[in-house]
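Computed from a prediction, not measured in an experiment: that's the story for all the values here. Values below: every heavy atom of this structure, side chains too, minus hydrogens, waters and symmetry copies. Chain naming here is simple, since letters A, B, ... match the order of the sequence lines and numbering starts at 1 in each.
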2 protein chains.
Amino acid sequence: MTVSPPLRRHFPDGVFSSDCPSRVVLDHVTSKWGTLVILALAEGEPLRWSELRRRAEGVSEKMLAQTLRTLEADGLVSRHARPVVPPHVEYALTARGSELAERMVPLMDWIADHAPAIVGDAEAAAATR
Amino acid sequence: MTVSPPLRRHFPDGVFSSDCPSRVVLDHVTSKWGTLVILALAEGEPLRWSELRRRAEGVSEKMLAQTLRTLEADGLVSRHARPVVPPHVEYALTARGSELAERMVPLMDWIADHAPAIVGDAEAAAATR
DNA sequence: CAGGATCCCCAAAGATACTG
DNA sequence: CAGTATCTTTGGGGATCCTG
């Protein structure tokens with residue numbers, strides 16, 4: 001297998017520095033539930049709270065709320081509440097969030113494709129130990 | 001708001017399912033230090049333990065060791081120890097790891113570009129509250 | 001229905017010291 | 001230099017109850 005051209009993308013050292021803003025954003029975006037929420041919304045359709053809860057299987061109400069608030073504060077997700085009863089709230093990606101999602105989808109795609117092989121290897125390694 | 005080309009990538013539901021292998025890999029790869037290690041190695045050059053420690057600013061010895069072991073078990077990072085004294089150990093991406101890194105670099109690039117604006121927004125939102 | 005407020009806890013992270 | 005071993009700490013996250 002040919003390893004495509006040497007990556008050689010040099011990040012400004014800042015990315016690795018502990019007080020760089022990237023660290024904060026990176027943490028939000030790569031948080032366990034943040035990733036799943038963004039990916040769920042990446043399909044295009046706005047989703048309601050309860051739909052998101054089902055989609056990100058295993059998320060608690062607290063963590064979903066927390067995740068959504070963080071992503072909203074970061075301007076990645078928009079919240080649209082319609083003043084009806086019972087309440088109807090929809091979440092969607094903002095333009096900025098969509099840009100991010102575009103770069104996240106190929107990653108997730110690759111992971112979904114290779115995950116079985118990867119965990120297989122990990123288990124084999126564990127058995128040898 | 002026009003959402004750039006309809007993303008519309010539908011993941012097999014499995015990705016969102018709590019017992020899908022993807023979840024495990026996703027957690028390893030998006031872990032705080034896992035991301036930084038992969039990105040550091042994505043520049044192409046193999047790196048030594050101490051170089052990685054400096055690169056991923058703030059990482060403890062314990063977490064670096066743990067992260068490297070996990071990534072190695074996943075077949076994403078290779079470890080090459082030369083039997084000299086003092087010890088000389090180099091870490092590099094495997095072919096599989098490089099494929100992954102290729103998909104991670106654009107994401108990190110985007111984050112590095114937009115992080116300042118994003119945390120700016122978040123702070124503004126916090127102030128308004 | 002869509003959350004907010006609380007209490008609680010344990011796995012995971014950090015710090016420190018030691019060693020092949 | 002490149003780790004392991006051990007101890008301590010913390011905050012992420014779960015469970016539960018409540019309300020607009």
TODO: Return yes if some donor-acceptor pair links the side-chain N/O of A/T35 with the main-chain N/O of A/V29 below 3.5 Å, else return no.
DONE: yes

Task: Distance in angstrom units between A/H80 NE2 and C/dA2 C1', rounded - done: 15 Å

Open item on the list: List the residues meeting salt bridge (Lys or Arg N to Asp or Glu O under 4.0 Å) with A/R53, not counting sequence neighbours, and say none if there are none.
Closed with: A/E61

Task: A/Y91 vs C/dG3: side-chain N/O to OP1/OP2 distance below 4.0 Å - done: yes

Open item on the list: Nearest whole Å is fine: how far is D/dG20 P from A/W49 CH2?
Closed with: 17 Å

- [ ] Spell out protein contact along nucleotides 4-20 of chain C as letters: B when the base is contacted, S when just the sugar-phosphate is, - when no protein heavy atom is under 4.0 Å; keep the 5' to 3' order.
- [x] B--------BBB-B--B

TODO: With sequence neighbours excluded, tell me which residues meet side-chain contact (heavy atoms from CB on, under 4.5 Å) with A/T70.
DONE: A/H28, A/D74

Open item on the list: Rounded to whole Å, please give me the gap between CG in A/L68 and P in C/dG3.
Closed with: 7 Å

Task: Donor-acceptor pair, side chain of B/R79 and main chain of B/E90, under 3.5 angstrom - done: no

Task: Side-chain (B/E57) to main-chain (A/F16) donor-acceptor, under 3.5 angstrom - done: no

- [ ] Mind calculating the distance between CD (B/E90) and P (D/dG3) to the nearest angstrom?
- [x] 12 Å

Open item on the list: Just the rounded figure in Å: distance from C1' of D/dA2 to CG of B/L47.
Closed with: 15 Å

- [ ] Check whether any side-chain N or O of B/T94 sits under 3.5 Å from a backbone N or O of B/G75 as a donor-acceptor pair, and report yes or no.
- [x] yes

- [ ] Could you tell me the separation between the CZ atom of A/R48 and the C1' atom of C/dC1, rounded to a whole number of Å?
- [x] 7 Å

Task: Nearest-Å distance for atom pair CG/P, residues A/L64 and C/dG3 - done: 8 Å

Task: Atom pair distance, as rounded to whole Å: NE2 in A/H88 and C1' in C/dG3 - done: 15 Å

